[in-house]
There are 2 protein chains.
Amino acid sequence: MGLGSNQRTSQRTSQRPGGTPGNGWTGIGELADEFGLTPRTIRFYEDKGLLTPARENNQRVYSHRDRVRLGLICRGKRLGFTLTEIKEFLKLYEADDNRIEQMRFLLHHGRERIAALESQWRDVEETLHDLRDLVAAAEEYVRRVTRP
Amino acid sequence: MGLGSNQRTSQRTSQRPGGTPGNGWTGIGELADEFGLTPRTIRFYEDKGLLTPARENNQRVYSHRDRVRLGLICRGKRLGFTLTEIKEFLKLYEADDNRIEQMRFLLHHGRERIAALESQWRDVEETLHDLRDLVAAAEEYVRRVTRP
DNA sequence: ACCCCAGCTTACCTTGACGTAAAGGGAAGC
DNA sequence: GCTTCCCTTTACGTCAAGGTAAGCTGGGGT
């Protein structure tokens, strides 16, 4: 169940900017395939200020740094953070050399998230109990009625 | 944590229709208080076809049946069903005398819901693990850096 | 007479994370 | 030259369950 590296055998014949893939640059389509996203999604992240790829001939060109950032975005999303939180986190990722502020941020919001998830966990568990009881009662009812 | 009967000591001096409360009718405000909802929410349910209260002098008047239905709506919501599903359920509640179709419906959708919740339960658990690890690592990092 | 409260309707706003459509450009392959 | 892909931008649509506001009505109390 790891979302770490989902290479989807992307064999795009990427053209345009000066060179071929493997020379360090990446187009939006490739990147989308790599991470299992749509180009629209990646542009959306850029709109929201989570990514700022370079341009060559008016097309987005993604560096290694960009790819790392997108990986962090996916990881954050998987852990249930909002894009806004992830943006804050990435801001620190830019500016914070020794990562200390970034870790503090992570601690704060991570603990919040954990509390929320624990609460959600309890809710789901309780709902599940109630629902199982309800369905069991319905089964009982149907059994009684269909076989008198 | 019971949501069964949340009477909030509603002491509205309800007027207008021919009689006083206790004579069998209920205004939207009272009902809202009784169930811990807003009038807007109750009107919204009516819009969606979940309730069809009578009118007296152009005002909504809720019968005992309506109150029962609203109770079912709240229960359904608490169990995580959508208003659309609840509407279907209530349709059967109207037409199905021996409740057999209603119970079948409940079985079908209840089982679906249970499966979804179990999946969600696992997701939350896994995310929680990952997040705890991450936060622990961040704690470790902060500790190392702030006390050299 | 006046104000306040409760109710009514219609209609747009909210949140999050995109989807979808419209309209166009440029390069590669046949 | 034509088609086909991929890329670009802007802008509106989606889903759920209501919130919020505007503007009106009508009864009760002072």
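Naming: A, B, ... by sequence-line order, numbering from 1 per chain.
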Exercise. How close or far is atom C1' of C:dT20 from atom CG of A:Asp47, stated in whole angstroms?
Worked result: 15 Å

Exercise. Reckon B:Arg40 has a side-chain N or O less than 4.0 Å from the OP1 or OP2 of C:dA6?
Worked result: no

For this session: Classify the nucleic acid contact of B:Thr84 as base, sugar-phosphate or nothing, counting any heavy atom under 4.0 Å across all strands shown.
Result: nothing

For this session: Measure the distance from CZ on A:Phe44 to C1' on D:dG13 and round it to the nearest whole Å.
Result: 14 Å

For this session: Measure from the side-chain heavy atoms of A:Lys77 and tell me the nearest of D:dG18, D:dT8, C:dA17.
Result: C:dA17

Exercise. Between atom CG in A:Leu31 and atom C1' in D:dC7, what is the gap in whole Å?
Worked result: 14 Å

Exercise. Atom CG of A:Leu37 to atom C1' of C:dG16: distance rounded to whole Å?
Worked result: 16 Å

Problem set entry | Main-chain N/O of A:Tyr62 paired with A:Arg67 side-chain donor or acceptor, under 3.5 Å | no

Seminar exercise, completed: Considering only heavy side-chain atoms of B:Ile28, the closest of D:dT20, C:dG7, C:dC18 is C:dG7

Exercise. To the nearest angstrom, how far is B:Glu46 atom CD from D:dA17 atom P?
Worked result: 17 Å

For this session: Report yes if at least one side-chain N or O of B:Tyr45 is closer than 4.0 Å to OP1 or OP2 of D:dA17; otherwise report no.
Result: no

For this session: Determine the contact category for B:Lys48: base if any of its heavy atoms lies under 4.0 Å from a base atom, sugar-phosphate if only primed atoms, P, OP1 or OP2 are that close, otherwise nothing.
Result: nothing

Exercise. Any donor-acceptor pair under 3.5 Å joining the side chain of A:Arg60 to the base of D:dT8?
Worked result: no

Problem set entry | Short side-chain N/O contact from A:Thr38 to OP1 or OP2 of C:dG19, under 4.0 Å | yes

For this session: Write down the distance between CD1 (B:Ile42) and P (D:dG18), rounded to a whole number of angstrom.
Result: 11 Å

Exercise. Counting only distance, no hydrogens or angles, is the base of D:dT8 paired donor-acceptor with the side chain of A:Arg43 under 3.5 Å?
Worked result: no

For this session: Would you please classify the geometry between the B:Trp121 ring and the A:Trp121 ring as parallel, tilted or perpendicular, with 30° and 60° separating the classes?
Result: parallel

Problem set entry | B:His108-B:Glu112 side chain donor-acceptor pair, cut-off 3.5 Å | yes

Seminar exercise, completed: In whole angstroms, the gap separating C1' of D:dG28 from CD of B:Gln59 amounts to 14 Å

Exercise. Do A:Thr127 and A:Asp130 have side-chain atoms, one donor and one acceptor, less than 3.5 Å apart?
Worked result: no

Problem set entry | Atom-to-atom span, OH of A:Tyr62 to P of D:dT8 - whole angstrom | 7 Å

Exercise. How long is the gap from CD1 on A:Ile73 to OG1 on A:Thr41, to the nearest 0.5 Å?
Worked result: 11.0 Å

For this session: Verify the contact: side-chain N or O of B:Thr41 to OP1 or OP2 of D:dG19, cut-off strictly under 4.0 Å; return yes or no.
Result: yes

Exercise. So what does A:Thr82 hit on the nucleic acid, given a heavy-atom distance under 4.0 Å: a base, only sugar-phosphate, or nothing?
Worked result: sugar-phosphate

